[in-house]
Each structure stands twice: as C-alpha cells, then as structure tokens.
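First comes the structure, then the notes that go with it.
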Amino acid sequence: MEQEKAVIIVGAGPSGLAMAGCLSRLAIPYIVLEREDCFASLWKKYSYDRLHLHLQKQFCELPHMPFPPSCPTYVPRNQFIQYLDDYVSRFKISPILYHRNVESANYDEASERWVVKAVTNSNTGGSGEMEEYFGRFLVVATGETTNPYTPEVQGLNTFAGDVLHSTQFKSGKGFKNKNVLVVGSGNSGMEIALDLANHSAKASIIVRSPIHVLSRWMVYLGPVLFKYFSLNMVDSLVVLLSKLVYGDLTKYGIERPTEGPFYIKVKYGKYPNIDVGTCEKIKSGEIQVLPAEISSIRGSDVELKNGKSYQFDAIVFCTGFKRSTNLWLKGDDYLLNDDGLARQSFPNHWKGKNGLYCVGLSRRGIYGAGVDAQNIANDIKSFL
C-alpha cells in the first residue's frame with residue numbers, strides 16, 4: 001500500500017491533533033500515522049482516573065478552539081478527552097491511520113519527498129504488513145511521553161507483588177491496607193501517592209533528588225510576575241511563598257534545589273511539583289518519604305541504597321518516558337537530539353531541514369505544541 005499527501009504527521013496525541021487542526025484550517029492535505037488504536041491514547045488508555053491538567057485551562061487549549069466556559073479552571077481527565085473528541089470533530093481531522101508503527105523515515109533527494117515506512121502494528125490489531133507513505137513535509141508529533149520507562153532493578157523479577165508503571169495505574173481503590181512503594185517524585189508520583197493514601201493504602205514515595213513544591217496559585221503567579229520582574233526575582237519570591245506555605249520540608253525528607261523553579265523549567269524543561277494535597281499527607285505521616293534509590297529486591301523485601309529494608313505489596317514506577325524517534329528518523333542531525341527532543345533552543349526549535357518539523361517537543365506542554373503547530377502550518381503554507 002502506498003499513499004501520498006503533502007504532509008505526513010507521525011503521532012495522534014494532542015500535538016498531532018493540533019498540527020492536523022491547523023493544516024485543516026488552511027486546506028493543506030495531510031495524513032496522520034498513529035501506532036495505537038485511538039487518538040490521544042495516553043489520555044484515553046494510559047492515565048489515572050483522578051488526573052487533572054496541572055495548568056489552568058487557558059494554557060492547555062489547542063489552536064483555534066478554547067475550552068467551553070463550563071469547563072473548570074483545572075480540567076479533569078474525562079473533560080479533556082471530550083474536548084479532544086470535539087476538536088477532531090470540529091476540524092474534521094482525517095485520515096488518522098491507526099495501528100501504524102513507523103519503522104523508518106528518509107528524505108529522498110531525487111524526488112524531494114519524505115519516504116515513511118510503517119508496519120501495521122499486529123500488537124494493536126494490524127496485519128503486520130509494511131506500508132509506504134510519501135510526503136513533501138514530515139512532522140514529528142510523537143510527544144514527550146512516548147515509551148514508558150522502568151529502570152532496571154536487581155531482583156525486580158523476583159518481587160512477590162504487583163509491579164506497575166504509572167501508565168498502568170488507574171486508582172488506589174484496589175490497594176486498601178496494602179503497603180505500596182511509589183518510585184519517582186514528579187507530579188505523577190506525588191499524585192498517585194496521594195490517591196493511594198486517600199484509598200487507605202500505606203503509601204511510601206522515593207524522593208531521591210531535591211524538588212520544588214508549589215501550589216497551583218504559585219505556578220499561576222509566575223507568568224503574571226514575569227511581565228514586571230526578572231526570572232531570578234520571580235523565582236526568589238515564589239520560593240519564599242513556598243517556604244511560608246509549606247514550611248521546612250527537610251524534616252520530612254524533601255530538599256529544595258538551589259536553582260529556582262522557573263529557571264529549572266526553562267533550562268531543563270522540568271516542572272515544579274504542583275501540590276494538590278500530598279504535602280499534607282506527608283506531614284501527617286500518611287505518606288512516608290524514603291530518601292534513597294532501590295538497591296535490590298528479593299521477594300517482597302525492597303532494600304534501598306542507604307542500607308534500609310522495607311516490605312511492600314506493590315510497586316508503582318513513576319519514572320517517566322523515553323522516546324524512540326532516533327531509531328526510525330534517518331538523516332536528521334539538526335532538529336532532534338538523541339533523546340527525541342528538540343535540539344535547537346526555543347523559539348527556533350520547530351523547523352529542521354528538507355521540510356522536516358517537530359511539534360510539542362520543546363518541553364513547553366500543550367500550549368507550546370499549539371504555538372509550534374501554528375508556526376509549522378504557516379511555514380508549510382508559504383511553500384505551497
């Protein structure tokens with residue numbers, strides 16, 4: 001099977017949908033290749049029930065379609081999925097070809113086209129056949145959260161209880177009175193630990209690196225203050241507010257980084273921890289903080305690198321994602337780094353060579369993906 005369109009979009013998450021929506025508005029023909037059996041699969045299939053957008057809704061809109069006024073400020077998972085469904089309907093996003101696992105993408109100098117080879121993914125219902133697609137432009141929209149990553153831990157295969165990645169966790173309901181270890185102290189780890197505690201599980205969370213803990217209103221305050229003050233001043237003020245609200249967290253096993261929360265966001269793309277109730281549970285002792293990595297596991301015994309040992313009934317790895325773009329995207333030494341993220345610094349990160357683009361890979365969330373999509377669509381329009 002061969003198909004040709006002006007633009008090939010790889011990935012049908014929010015980034016890919018934003019891209020397709022912008023192209024649809026400009027009547028530019030495209031095709032979307034998606035390895036799963038639905039669009040926005042991370043939201044529809046691999047996210048926990050209590051998940052809300054961590055930022056206010058105006059920072060999470062896709063291009064040319066605001067959230068309805070009835071949506072709360074922090075949009076819950078189900079309403080965000082409904083919003084994405086409505087976005088696809090409104091912009092008549094089609095075709096999205098599902099079960100397509102991209103194997104390679106090469107730029108053919110002779111025909112000045114991208115040649116993308118995809119296998120119809122037999123794991124998700126495809127036939128396992130190889131297909132070829134041709135396009136003048138290629139947009140990588142595979143997202144920052146592509147392949148769930150679980151670190152190698154000595155003896156993990158001997159663990160007697162359940163082992164989950166955060167993408168497999170739905171709710172704390174089934175863990176009542178169980179000892180559960182959460183590995184990873186990003187926003188997902190903190191929120192999953194909270195959900196476990198709310199459902200009467202005995203939750204412990206490994207916090208091995210310093211983290212900033214901010215409330216939602218502190219995070220919102222940042223962009224407002226940037227209009228008037230320098231990054232350093234805003235960071236200093238927000239850290240002071242955090243200390244006033246949360247007090248000294250070192251006695252509970254949580255250290256603050258020396259660099260400010262917004263500086264870290266800009267430099268490393270790492271969000272501060274947005275507290276939605278976890279700190280209160282840590283202070284009350286309902287959630288225990290463990291300050292060291294896992295050394296080894298034997299049965300239900302988990303030994304940490306500080307020499308202490310604990311028994312757990314389940315482990316939830318909130319250890320993030322890896323990207324596999326470097327395995328299939330050939331001949332690109334400019335746009336993306338080995339980790340599958342934008343190599344160039346913002347705001348010049350979205351355009352590569354020979355009609356290659358990336359959307360949503362600059363660690364700027366859904367809002368950043370929307371800006372990328374509009375820039376790319378306008379750029380492609382200028383060539384057609």
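The analysis underlying the following values was restricted to heavy atoms, covering all of them including side chains, and did not include hydrogens, waters or symmetry mates. In what follows, residues are counted from 1 in the order of the sequence shown.
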Verify side-chain hydrogen bond (donor to acceptor under 3.5 Å, both in side chains) between Asn78 and Gln82, making sure each step is shown before the conclusion. CA-CA 6 Å; Asn78 287 346; Gln82 184 59 56; over 6 Å; no
Let's go through Cys279 and Leu249 carefully: what are the C-alpha distance in whole Å and the side-chain angles of both, what is the deciding distance for side-chain contact (heavy atoms from CB on, under 4.5 Å) to 0.1 Å, and is it a yes or a no? CA-CA 9 Å; Cys279 269; Leu249 294 175; 4.3 Å; yes
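The salt bridge (charged side-chain N to carboxylate O under 4.0 Å, His left out) search around Glu286 returns Lys281, not counting sequence neighbours.
Between Gln154 and Ser296, the side chains place no donor N or O within less than 3.5 Å of an acceptor N or O (distance only, hydrogens not considered). In this model, no donor atom of one side chain and acceptor atom of the other lie less than 3.5 Å apart for Thr167 and Tyr48. At a cut-off of 3.5 Å, with distance as the only test, no side-chain donor of Ser185 or Arg208 sits close to an acceptor on the other residue.
When the options Gln3, Lys117, Arg100 are evaluated for a side-chain hydrogen bond (donor to acceptor under 3.5 Å, both in side chains) with Tyr133, the one that passes is Arg100.
Residues Lys44 and Asp85 are paired through a salt bridge, judged by an N-O separation under 4.0 Å between the basic side chain and the carboxylate. Comment: Asp37 engages Lys45 in a salt bridge, judged by a side-chain N to carboxylate O separation of less than 4.0 angstrom.
Cation-pi geometry between Lys57 and Phe67 is not met at under 6.0 angstrom from the ring centre and within 45 degrees of the axis. In this structure, Arg363 is not positioned above the aromatic face of Tyr268 in the sense of NZ or CZ being under 6.0 Å from the six-membered ring centre and within 45° of the axis. Note that Arg216 lies in the cation-pi zone of Tyr74, set by a 6.0 Å cut-off to the ring centre and a 45° limit from the axis.
With ring centers used as reference points, Phe226 lies under 6.0 Å from Phe262. Two rings, from Trp114 and Phe137, have their centers 6.0 Å or more apart. Aromatic ring centroids of His64 and Tyr87 lie 6.0 Å or more apart.
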